Amino acid sequence: MSLNERFSANLRRAREAAGMTQAELSRRVEVHPSHVCFWENGRRMPRLDTLVKLVSVLDCRADELIEGMVWRPNVEGYGSFEVEV
């Protein structure tokens, strides 16, 4: 599972728990409906300012939307993202 797919599953779960459609979420977050579709299909990730809006609109915590996504730093070079299953 990729980072985008993990975020996608987390977002969909939070949106459904809030009882919202993709269209309603897009309207309340002030983005085009295609953005929500792209996020939930794992094609894109939202910007940080949009993530803050999502958390507010969905009445959830940021850690719920990034659950299972971990950054592993590497002192000798570049780190990497990992997805916990």
Side-chain angles (χ1 to χ4, degrees):
M1 177 178 281
S2 72
L3 201 62
N4 286 11
E5 290 169 331
R6 177 54 125 181
F7 180 81
S8 167
N10 293 345
L11 177 61
R12 184 176 299 112
R13 185 179 324 111
R15 178 182 59 77
E16 290 174 350
M20 283 186 216
T21 64
Q22 286 185 353
E24 183 179 359
L25 179 60
S26 69
R27 182 183 58 76
R28 294 187 60 196
V29 176
E30 301 175 333
V31 297
H32 192 273
S34 64
H35 285 79
V36 175
C37 183
F38 288 159
W39 299 332
E40 287 197 6
N41 288 330
R43 293 177 60 195
R44 298 230 171 110
M45 296 278 279
R47 297 179 341 187
L48 180 58
D49 59 329
T50 306
L51 182 65
V52 172
K53 288 181 183 181
L54 287 167
V55 166
S56 295
V57 168
L58 294 171
D59 193 28
C60 68
R61 297 183 325 269
D63 64 330
E64 292 175 55
L65 295 180
I66 62 170
E67 180 181 357
M69 303 153 92
V70 180
W71 172 256
R72 301 280 186 221
N74 184 339
V75 293
E76 297 178 9
Y78 297 108
S80 62
F81 279 105
E82 293 180 10
V83 176
E84 297 174 338
V85 181

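These numbers were taken from a predicted model, which means no experiment stands behind them. Residues take their numbers from the sequence shown, with the count starting at 1.
Rounding to the nearest 0.5 Å places CZ of Phe81 at 9.0 Å from CD1 of Ile66. Distance check: Arg6 CZ to Glu84 CD gives 7.5 Å after rounding to the nearest 0.5 Å. Atom CG of residue Leu3 and atom CD of residue Glu82 lie 11.0 Å apart, to the nearest 0.5 angstrom. Distance CE/Met69 to CE/Met1: 10.5 Å, rounded to 0.5 Å.
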* Asked: Could you go step by step and tell me if Glu5 and Arg44 meet the salt bridge (Lys or Arg N to Asp or Glu O under 4.0 Å) rule?
  -> CA-CA 9 Å; Glu5 290 169 331; Arg44 298 230 171 110; over 6 Å; no
* Worked verdict on Trp39 versus Thr50 for side chain to side chain contact (heavy atoms under 4.5 Å, CB included) -> CA-CA 11 Å; Trp39 299 332; Thr50 306; 3.3 Å; yes
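Residues passing the salt bridge (charged side-chain N to carboxylate O under 4.0 Å, His left out) test with Arg12 are Glu40, sequence neighbours excluded.
At least one side-chain heavy atom of Phe7 sits under 4.5 Å from a side-chain heavy atom of Leu65. Looking at heavy atoms from C-beta onward, Arg15 lies out of side-chain contact with Glu24 at the 4.5 angstrom threshold. Between Cys37 and Gln22 the shortest side-chain heavy-atom distance falls below 4.5 Å. Here the side chains of Glu67 and Arg13 are in contact, with some heavy-atom distance below 4.5 Å. Using a 4.5 Å heavy-atom cutoff, the side chains of Leu25 and Leu58 are in contact. For the pair Glu64 and Val55, the minimum side-chain heavy-atom distance is 4.5 Å or more.
The hydrophobic clustering, which links ILVMFWY residues whose side-chain heavy atoms are closer than 4.5 Å, places Leu48 and Phe38 apart. Grouping the Ile, Leu, Val, Met, Phe, Trp and Tyr side chains by contacts below 4.5 angstrom, directly or via other members, places Leu51 with Val83.
Residue Arg72 qualifies as enclosed at atom CZ: its count of foreign heavy atoms under 6.0 Å is above 12. Around atom CG of Asp49, more than 12 heavy atoms belonging to other residues, nucleotides or ligands sit under 6.0 Å away.
The one candidate from Val29, Val36, Val31 that meets the side chain to side chain contact (heavy atoms under 4.5 Å, CB included) condition with Leu54 is Val29.
Taking both residues in full, the closest heavy atoms of Cys60 and Ala14 are given as SG-CB, 4.4 Å, listed atom of the first, atom of the second, then distance.
Not a single donor-acceptor pair under 3.5 Å links the side chain of Asn41 to the backbone N or O of Arg43. With hydrogens and angles ignored, the 3.5 Å screen pairs a side-chain donor or acceptor of Asn4 with a backbone N or O of Gly42.
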